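Report on the structure given below.
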Amino acid sequence: MSKRKSMFLLVLIVSLVFTTACNSNAKQEAAASGTEKPGEAETTVINMAWGFDLHAGIMLTAASKGEGFKDTGIWLKPIVEKEQYELYKDGKKLAVINTILTKGSSESAVMLGQKQLDCAVNSVTGMMSAKDQGTDVQVLCPIHVDGIGLVFPSGSEIKGWNQVAEYIKKSGNPVKIGYHSPTSAPRVVIETSLRQANLKVTEDPNDNSADVLLVDLKGSKNLLSAFTGNLVDAWVAPSHYPEAAEAEGIGSIALKLNEFPPEGQWYDFPCCVLAARGEVISKHPEVFDALVDLFTNTAKWMGENKEETSALLSEIIGVSEDAVKSASIVFTTRVSDKWLEGVDLYYDLLKQLDKLDGDLKERDFEEVKKEFYNFTFLNN
């Protein structure tokens with residue numbers, strides 16, 4: 001290489017280094033002085049677990065309505081529909097929300113622990129599992145109550161708990177009941193009800209002495225097809241799956257949540273929540289304050305606009321409007337006494353079922369809830 005070419009390359013490299021350093025210093029000075037131009041500041045990115053079902057309906061609605069909620073002061077603007085959204089408050093962009101589809105709360109609990117997720121729209125029992133695994137996860141608000149059903153194949157005439165229990169007792173083999181996620185609320189409800197009715201429950205397919213064999217269907221996407229090939233005799237699941245099974249002629253709902261035994265226990269019962277990792281909440285409190293307000297406003301709108309909500313969620317989820325309308329699910333961020341009692345009960349049940357074997361195994365919930373609940377962003 002000639003001396004002239006060598007000198008040229010040397011000058012070029014020095015110029016690039018000098019320019020980069022100057023730009024970097026200028027950006028740092030602008031940020032420190034508050035004169036940084038819009039778009040230059042680093043954007044907060046939040047990874048949120050969600051799903052395309054009614055239990056994530058509050059986030060699905062907020063995302064779909066988007067700037068239609070601008071008059072409330074907080075809204076989402078799509079970057080990539082059903083994947084990525086900008087969160088705005090009073091015209092200011094607070095964060096980019098990446099929505100990540102998970103199989104259920106059990107997978108979300110693991111991903112929260114691995115810091116692949118910052119927050120989740122999942123069952124409160126799943127978030128207890130994350131806490132048990134050593135993750136500092138905090139519940140910020142409920143997002144709905146109720147919305148669970150036990151489904152038998154289409155053509156079944158089984159209705160009510162007495163007929164369900166009779167069917168199980170008369171079966172010559174363990175009745176196979178599927179669930180979508182090991183630490184989900186439906187999974188906890190069905191096993192608790194069965195055990196309280198003195199029915200023997202197992203997860204061992206070789207245990208023929210049991211009355212019921214619980215089967216992990218590994219994700220809600222496998223629920224509607226589970227009756228094919230006799231994988232299960234019935235399954236328990238969150239709305240919209242029971243309602244969609246009936247609407248599509250696949251299944252028949254034998255029990256809704258308030259019909260599970262013991263009578264009166266499962267009314268207005270907690271299910272899914274907005275929860276996030278403590279360190280992320282501490283770092284970006286303004287983001288979660290806005291999200292809680294967004295969900296509160298959205299729940300109110302959904303309650304006041306049921307027809308439009310049904311049409312909107314029907315299109316997003318891909319089920320009939322009748323399936324959405326018939327779901328016994330109530331969207332709310334309100335922390336009622338009944339809701340608190342329900343979470344207490346879930347905690348006790350998870351311990352009784354030996355589902356908590358980590359950090360929470362020996363701890364009383366009165367102590368745990370001080371770390372688990374963070375309702376500082378709620379105004380209701």
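For clarity, every value in this text was computed on a predicted model and none was experimentally measured.
Side-chain contact annotation: Ser181 with Ser106, donor-acceptor N/O pair under 3.5 Å present. Using modelled atom types and a 3.5 Å distance limit, the side chains of Ser220 and Tyr241 yield a donor-acceptor pair. Inspection of the Ser328 and Asp146 side chains reveals no N or O donor paired with an N or O acceptor under 3.5 Å. Side-chain polar atoms of Glu86 and Tyr88 form a donor-acceptor pair below 3.5 angstrom. Looking at Thr192 and Gln196, their side chains never bring a donor and an acceptor atom within 3.5 Å of each other. Checked by atom type, the side-chain pair Thr376/Asn374 shows a donor-acceptor distance below 3.5 Å.
Of the charged side-chain nitrogens involved, at least one lies within less than 4.0 Å of a carboxylate oxygen, so that Glu304 and Lys300 count as a salt-bridged pair. Between Asp118 and Arg277, at least one side-chain N (NZ, or NE/NH1/NH2) sits under 4.0 Å from a carboxylate O, which counts as a salt bridge. Look at Asp289 and Lys89 and you find a salt bridge, because one of the NZ, NE, NH1 or NH2 atoms lies within 4.0 Å of a carboxylate O, short of that distance. The residues Glu371 and Arg363 are annotated as salt-bridged, a charged nitrogen and a carboxylate oxygen being separated by less than 4.0 angstrom. For Lys218 and Asp216, the salt-bridge test passes: some basic side-chain N is under 4.0 Å from an acidic carboxylate O. Using a cutoff of 4.0 Å between basic side-chain nitrogens and carboxylate oxygens, Lys325 and Glu307 are scored as salt-bridged. Ion pairing between Lys92 and Glu286 fails under the 4.0 Å rule for side-chain N and carboxylate O.
Looking at Ser105, Ser108, Ser184 one by one, the single match for side chain to side chain donor-acceptor pair (under 3.5 Å) with Asn122 turns out to be Ser108. The side-chain contact (heavy atoms from CB on, under 4.5 Å) test with Lys355 singles out one residue from Lys361, Met128, Arg187, and that residue is Arg187. Exactly one of Thr298, Thr296, Asp293 qualifies for a side chain to side chain donor-acceptor pair (under 3.5 Å) with Thr333. That residue is Thr296.
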_Using side chain to side chain contact (heavy atoms under 4.5 Å, CB included), reason through Glu248 and Leu224 one step at a time and then give a plain yes or no._
CA-CA 9 Å; Glu248 296 178 23; Leu224 295 181; 4.3 Å; yes
*Please test Ile46 against Asn98 for side chain to side chain contact (heavy atoms under 4.5 Å, CB included), starting from the C-alpha separation and ending with a verdict.*
CA-CA 6 Å; Ile46 301 294; Asn98 291 328; over 6 Å; no
*Given side-chain hydrogen bond (donor to acceptor under 3.5 Å, both in side chains), test Asp207 with Ser209 step by step and report yes or no.*
CA-CA 5 Å; Asp207 184 1; Ser209 68; 2.5 Å; yes
*What do the steps show when you test Lys170 against Glu166 for salt bridge (charged side-chain N to carboxylate O under 4.0 Å, His left out), and what is the final call?*
CA-CA 6 Å; Lys170 287 185 176 181; Glu166 183 181 7; 2.8 Å; yes
*Checking ring-ring contact (aromatic ring centres under 6.0 Å, His included) for the pair Phe69/Trp301: CA distance, chi angles, key distance, verdict?*
CA-CA 9 Å; Phe69 284 163; Trp301 182 89; 5.7 Å; yes
*Apply side chain to side chain contact (heavy atoms under 4.5 Å, CB included) to the pair Val151 and Val236, showing each step before the final yes or no.*
CA-CA 6 Å; Val151 180; Val236 63; over 6 Å; no
_CA sep, side-chain torsions, deciding dist, call: Ser252, Ser154, side chain to side chain contact (heavy atoms under 4.5 Å, CB included)_ = CA-CA 5 Å; Ser252 174; Ser154 179; 5.8 Å; no
*asked:* Checking Phe295 against Phe331 for the ring-ring contact (aromatic ring centres under 6.0 Å, His included) test, could you report, in this order, the C-alpha distance in whole Å, the side-chain angles of both residues, the deciding distance, and whether it holds?
replied: CA-CA 9 Å; Phe295 285 3; Phe331 297 100; over 10 Å; no
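Inter-residue side-chain proximity for Pro174 and Lys200 is flagged as unmet; no heavy-atom pair is nearer than 4.5 Å.
Around NZ of Lys369, the count of heavy atoms belonging to other residues, nucleotides or ligands within 6.0 Å exceeds 12. No more than 12 heavy atoms of other residues, nucleotides or ligands lie within 6.0 Å of CG in Asp337, so this atom counts as exposed by the packing criterion. Within a 6.0 Å sphere centred on CD of Gln114, other residues, nucleotides and ligands contribute more than 12 heavy atoms. The environment of NZ in Lys169 is sparse: at most 12 heavy-atom neighbours from other residues, nucleotides or ligands sit within 6.0 Å. The number of heavy-atom neighbours closer than 6.0 Å to NZ of Lys103, taken from other residues, nucleotides and ligands shown, is 12 or below.
Of the possible polar contacts, none joining the Ser171 side chain to the Tyr167 backbone as a donor-acceptor pair under 3.5 Å is found. Panel note: side chain Ser156, backbone Phe152; no donor-acceptor pair is recorded below 3.5 Å. Side-chain atoms of His240 never come within 3.5 Å of backbone atoms of Leu313 as a donor-acceptor pair (strictly under, hydrogens ignored). The backbone N or O of Ile253 sits less than 3.5 Å from a side-chain atom of Lys159, completing a donor-acceptor pair. The closest donor-acceptor contact from the side chain of Glu259 to the backbone of Lys256 lies under 3.5 Å. Counting only distance, with no hydrogens or angles, the side chain of Ser282 and the backbone of Gly278 share a donor-acceptor pair below 3.5 Å. In this structure, Thr202 contributes its side chain and Asp204 its backbone to a donor-acceptor pair below 3.5 Å. The main-chain N or O of Asp90 is never found under 3.5 Å from a side-chain atom of Lys70 such that the two would form a donor-acceptor pair. The backbone N or O of Val80 sits nowhere less than 3.5 Å from a side-chain atom of Gln84 that would complete a donor-acceptor pair. Looking at Ser326, its side chain does come within 3.5 Å of a backbone N or O of Ala323 through a donor-acceptor pair.
Using bins of under 30°, 30° to 60° and over 60° for the plane-to-plane angle, the ring pair Tyr346/Trp266 lands in the tilted bin. Ring geometry, Tyr85 versus Trp50: the interplanar angle exceeds 60°, so the pair is classed perpendicular (tilted spans 30 to 60°).
Under the 4.5 Å side-chain heavy-atom criterion for Ile, Leu, Val, Met, Phe, Trp and Tyr, Val145 and Val335 are members of the same hydrophobic cluster. Taking hydrophobic clusters as Ile, Leu, Val, Met, Phe, Trp and Tyr residues chained together by side-chain heavy-atom distances below 4.5 Å, Leu223 does not share a cluster with Tyr179. Hydrophobic cluster membership is shared by Val330 and Ile317, with clusters built from Ile, Leu, Val, Met, Phe, Trp and Tyr side chains linked at under 4.5 angstrom. Two different hydrophobic clusters hold Leu150 and Trp235 under the rule that ILVMFWY side chains link at heavy-atom gaps under 4.5 Å. In the hydrophobic cluster analysis, where Ile, Leu, Val, Met, Phe, Trp and Tyr join through side-chain heavy atoms closer than 4.5 angstrom, Val273 is grouped together with Val280.
With Phe269 as the aromatic partner, Lys338 does not meet the cation-pi criteria of under 6.0 angstrom to the ring centre and within 45 degrees of the ring axis.
Taking OG1 of Thr61 as the reference point, atom CG of Asn305 lies at 10.5 Å (rounded to 0.5 Å). Residue Asp211 holds its CG atom at 11.0 Å from CZ of Arg195, rounded to the nearest 0.5 Å.
Scanning all heavy atoms of the two residues, the minimum distance from Lys65 to Leu312 falls at CD-CD1, 3.8 Å. Of all heavy-atom pairs between Ile58 and Ala299, the closest is CD1-CB, 3.7 Å. Closest non-hydrogen pair, Val121 versus His55, comes out as CG1-O, 4.1 Å.
The six-membered or imidazole ring of Phe372 lies away from that of Tyr347, with a centre-to-centre distance of 6.0 Å or more. Taking the six-membered ring wherever Trp is involved, the centroid distance between the rings of Phe260 and Trp161 does not fall below 6.0 Å.
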